[in-house]
Amino acid sequence: MTILRIALPIPKRQLFDYSYQGQTPELGCRVQVPFGSRTLVGVVWEIAEQSQWPENKLKAVIKLLDTQAVFNSTQLKLCQWLASYYKHPIGDVVQTALPVALRKGVANQQKLQQYWCLTEQATKLELSELKRAPKQQALIETLRHATMEKSQVNQDFGSATSKALLNKGLIELVEQSYEDGEPWSAQIKISEKPQANVQQALAISSIEAKLGEFGCFLLEGVTGSGKTEVYLQAIESVLLRGQQVLILVPEIGLTPQTVYRFKHRFGIQVGVLHSALTDNERLEVWQQSALGQLGLIIGTRSAIFTPMLKPGLLIVDEEHDSSYKQQDGLRYHARDLAVMRAHTENIPLVLGTATPALETLNNALSGKYQHLQLPVRAGDAAMARQQVFDIRQQPLEFGLAKGMLERVALHLKQGSQVMLFINRRGYAPALVCHSCGHVEQCHSCNKPFTLHKSLYKLQCHHCAAAKPIPKRCENCHSGELTSQGVGTEQLEQGLADYFPAYKSVRIDSDTTRGKNKLDDMLNKINNNEFQLLIGTQILSKGHHFPNVTLVIILDVDGALFSADYRAAEHLAQLITQLAGRAGRAEKPGEMWLQTHDPAHPLLQDLINNGYGHFARYALLERQQANLPPYSFQALFKAQALSARDAHEFLQQVADFFSGAEGVMCLGPIPALMEKRQGQYRMQLLLQSNQRGLLQQALNQHVGSVEALPLATKVRWSLDVDPQDFS
DNA sequence: AGCACGCCGACT
DNA sequence: GTCGGCGTGCTC
């Protein structure tokens, strides 16, 4: 009898055995199996002759769903690695790696390609007959040159346009198998490319020299130094070899312009994977890539799982970006997985950024990665000059010092745009009673409510809680409630009142919610419709603001004195990214950092010597403090309605690890956010100087942790290489 | 995870 | 008497 050992979407670190009659399937095929009272879709992970499970309790596979495995050998290996490195249940890993449609058990068969072409009637048509329908006219015009895929038409013209033309009998839908279409390798047309400068050429040839084998590159290029051109020329070589390229970009960086740039350069279809796709659209890209029908695939974090028939190159753009680390479930880092993937596929990997993560820089400095540098800014770019502004004993108006307001006025008068950066949404981060000092707090999170004046609400930024703004203090009933601190909303309002002649806009997650809203706003900004730009993190990600000549960061102190040892690194990345995206050669920008500690060594190092120097200094500090990347961490988190349960559970976990060789055990201690959404949160940090020892200890004990009686009572997770300690 | 089983309180 | 609350435990 054949026993199939199945990975099921169940949070247990084990496989489930089923009997199977018939020809033995490949590993990586999906099956439908009975599980308790339900039926589940799982993946054949191992094949055995016999089972540990008593034969009378063994159930049979209901149905084999694939004749060909949905995972190729590379993906099987990567899943295996993920499960073993992150100590995560294999079934859950498989679940994460598979597109939703395939998880549900739909057939993994490619649909027919559908594209629109003109009917005979349309060839005789005078375009002027459609002059009242410009969109239809444009589509006809486009189709006169070439047929176009249905999905592409929907994206570019909208489905209403094609429907109208279909009804008029001017266009028709033609179907064919993707395999019958012209392959992308035959479609490549390289449009004109710029001449690479010396450093770019060196970087390109270094990458090209590694094609066909494993190699990891850190491409460190200041903003505007032409990283993308290096990508493009390396991609070109790979495509011309008939191989595929997978590019990862940060969540916010996947804009139509990014995609257009690649599509336009090579004249081929680009597979795009982002969060807004439907399950079927995602599956389609996955299938096309797996069958080698796409030359280029661009996507966010989870795109790293997309299979390729003929892989040639991996690129992780803005590799320092924190969105590459998944923060729930399987807490993998897409950049680290990319390294593993490049290794198993035997292809090169390029990690590109202006501000490398300290882990990555360390690997480059130690020679593990090849370090490619682009120090010169090409074309019309110039880095904004960075300076600190001492705000000790300075009165602040809506968070801004007087001297800063004067700078703002000056730049506005010169017809430039001004950008103000503050990492707090809302009007004010707290509402305080002036007579008794009581602060309005969210009862589920024990954190101050954020005041949102425009919404007439107090909102908790850690859970969904919100309530009307109270008139009186809930403690002493005094009517003197005052706001404490400054958020984007207050800053915008203050500036709007102070500079009534100029238009202001606020760019944060409150105002950019909704499809294309951010994109619209950015376009309007670059059309000079606004002069005062107030925003959060979002501003630093991937967008250029050539008309901005003044950037002010209001609150750098928070990050300099944070309990999170990565906060300074993130602040430096933010400052450097912002400085690189404002201004241009004939209109260089200036940047001011408001601080109470103008002499802070990290801050001084950053503004005087640049990110590269700062990062090396910060690495030295990490080394002295024995922090990552010089040590290795794993973080157990637990949350429960009672703080005692969470603590008790982690104490038992700590007891397992207390004797582990070379592993230090810190905790259990309350998490930085002690309470969230009504749950008490604790954590236990494990640290070792050797990755191997930490892994060994985890291997030895996760099983026992999982088996603890309390493990079913509290919500717990294990985060290997944690990024976020909140 | 999700579902059944089970043991207690408030309803027609 | 039963409907349903969610604690516990199991699933090949």
Side-chain angles (χ1 to χ4, degrees), chain A residues 1-22 24-66 71 76 79-80 82-83 86-106 279 302 326-332 444 636-649 652 677-681 702-719:
Chain A
M1 184 169 48
T2 316
I3 304 295
L4 303 185
R5 314 202 69 213
I6 310 296
L8 289 174
I10 259 57
K12 291 256 160 209
R13 285 159 182 78
Q14 68 181 92
L15 295 170
F16 292 86
D17 294 1
Y18 289 86
S19 64
Y20 183 71
Q21 308 277 298
T24 310
E26 288 178 64
L27 297 182
C29 283
R30 292 170 305 154
V31 288
Q32 198 177 49
V33 294
F35 189 76
S37 58
R38 37 196 185 133
T39 64
L40 294 176
V41 174
V43 172
V44 180
W45 208 251
E46 285 173 12
I47 292 165
E49 301 272 287
Q50 51 194 11
S51 172
Q52 305 285 91
W53 197 252
E55 198 175 326
N56 57 344
K57 287 169 83 181
L58 201 67
K59 291 186 185 172
V61 168
I62 297 173
K63 199 160 99 190
L64 181 65
L65 295 172
D66 299 304
F71 285 132
L76 289 172
C79 288
Q80 206 84 75
L82 283 165
Y86 290 103
K87 309 285 170 270
H88 201 78
I90 184 67
D92 221 34
V93 171
V94 164
Q95 181 96 340
T96 322
L98 218 48
V100 178
L102 292 183
R103 285 179 219 167
K104 290 182 180 158
V106 305
D279 295 350
S302 62
Q326 179 135 70
Q327 290 296 4
D328 55 86
L330 170 60
R331 303 167 120 88
Y332 68 100
S444 317
F636 278 98
K637 301 185 195 183
Q639 52 175 309
L641 285 166
S642 103
R644 243 193 60 230
D645 282 350
H647 186 274
E648 177 77 19
F649 170 75
Q652 289 168 9
Q677 299 183 20
Q679 301 234 319
Y680 289 91
R681 311 162 80 236
V702 243
S704 329
V705 171
E706 192 178 44
L708 283 172
L710 268 174
T712 54
K713 270 192 91 178
V714 306
R715 279 173 60 98
W716 67 278
S717 66
L718 170 59
D719 193 345

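The stretch residues 27-41 of chain A comes close to DNA chain B through Ser37(A), Arg38(A), each having a heavy atom under 4.0 Å from the strand. Near DNA chain C, meaning a heavy atom under 4.0 Å from it, residues 42-53 of chain A has Trp53(A) in order of number.
Ring geometry, Phe35(A) versus Phe16(A): the interplanar angle exceeds 60°, so the pair is classed perpendicular (tilted spans 30 to 60°).
More than 12 heavy atoms of other residues, nucleotides or ligands lie within 6.0 Å of CD in Glu46(A), so this atom counts as buried by the packing criterion.
One N or O on the side chain of Glu706(A) and one on the backbone of Arg13(A) form a donor-acceptor pair closer than 3.5 Å. In this structure a side-chain-to-backbone donor-acceptor pair under 3.5 Å is missing from Arg331(A) to Leu718(A). Side chain of Asp92(A) to main chain of Pro11(A): no donor-acceptor pair is present (N/O by atom type, distance under 3.5 Å, no hydrogens or angles).
Taking atom CZ of Arg13(A) as the reference point, atom P of dT11(C) lies 19 Å away to the nearest angstrom. Atom-to-atom, CG of Leu708(A) to P of dG9(C) comes out at 14 Å; the value is rounded to the nearest Å. Atom-to-atom, CE of Met1(A) to C1' of dC12(C) comes out at 12 Å; the value is rounded to the nearest Å. For Ile10(A) and dG9(C), the CD1 to C1' distance is 14 Å, given to the nearest whole Å. Between the CG atom of Leu15(A) and the C1' atom of dT11(C) there is a distance of 14 Å, given to the nearest Å. A straight line from CD of Glu706(A) to P of dC10(C) spans 14 Å, rounded to a whole angstrom. Atom CG of Asp92(A) and atom C1' of dT11(C) are 16 Å apart (whole Å). Between the CZ atom of Arg103(A) and the P atom of dA1(B) there is a distance of 15 Å, given to the nearest Å.
Ranking dA1(B), dC12(C), dT8(C) by closeness to the Lys12(A) side chain, first place goes to dA1(B). Of the listed nucleotides (dT11(C), dC12(C), dT8(C)), dC12(C) has the atom at the smallest distance from the side chain of Leu58(A). Closest contact between the side chain of Lys713(A) and the listed nucleotides dA1(B), dC12(C), dT8(C) involves dT8(C).
Phosphate contact (OP1/OP2 of dC12(C), side-chain N/O of Lys57(A), threshold under 4.0 Å): absent.
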How far apart are the C-alpha atoms of Val44(A) and Ile6(A), what are their side-chain angles, what is the distance that settles it, and do they pass the side-chain contact (heavy atoms from CB on, under 4.5 Å) test?
CA-CA 5 Å; Val44(A) 180; Ile6(A) 310 296; 4.0 Å; yes

Can you list the steps and then say if His88(A) with Thr96(A) is a side-chain contact (heavy atoms from CB on, under 4.5 Å)?
CA-CA 11 Å; His88(A) 201 78; Thr96(A) 322; 5.6 Å; no

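To the nearest 0.5 Å, the span separating OG on Ser51(A) from NZ on Lys57(A) amounts to 11.0 Å.
With Val33(A) as the partner, the side-chain contact (heavy atoms from CB on, under 4.5 Å) test is satisfied by one option alone out of Ile62(A), Leu8(A), Thr39(A): Leu8(A).
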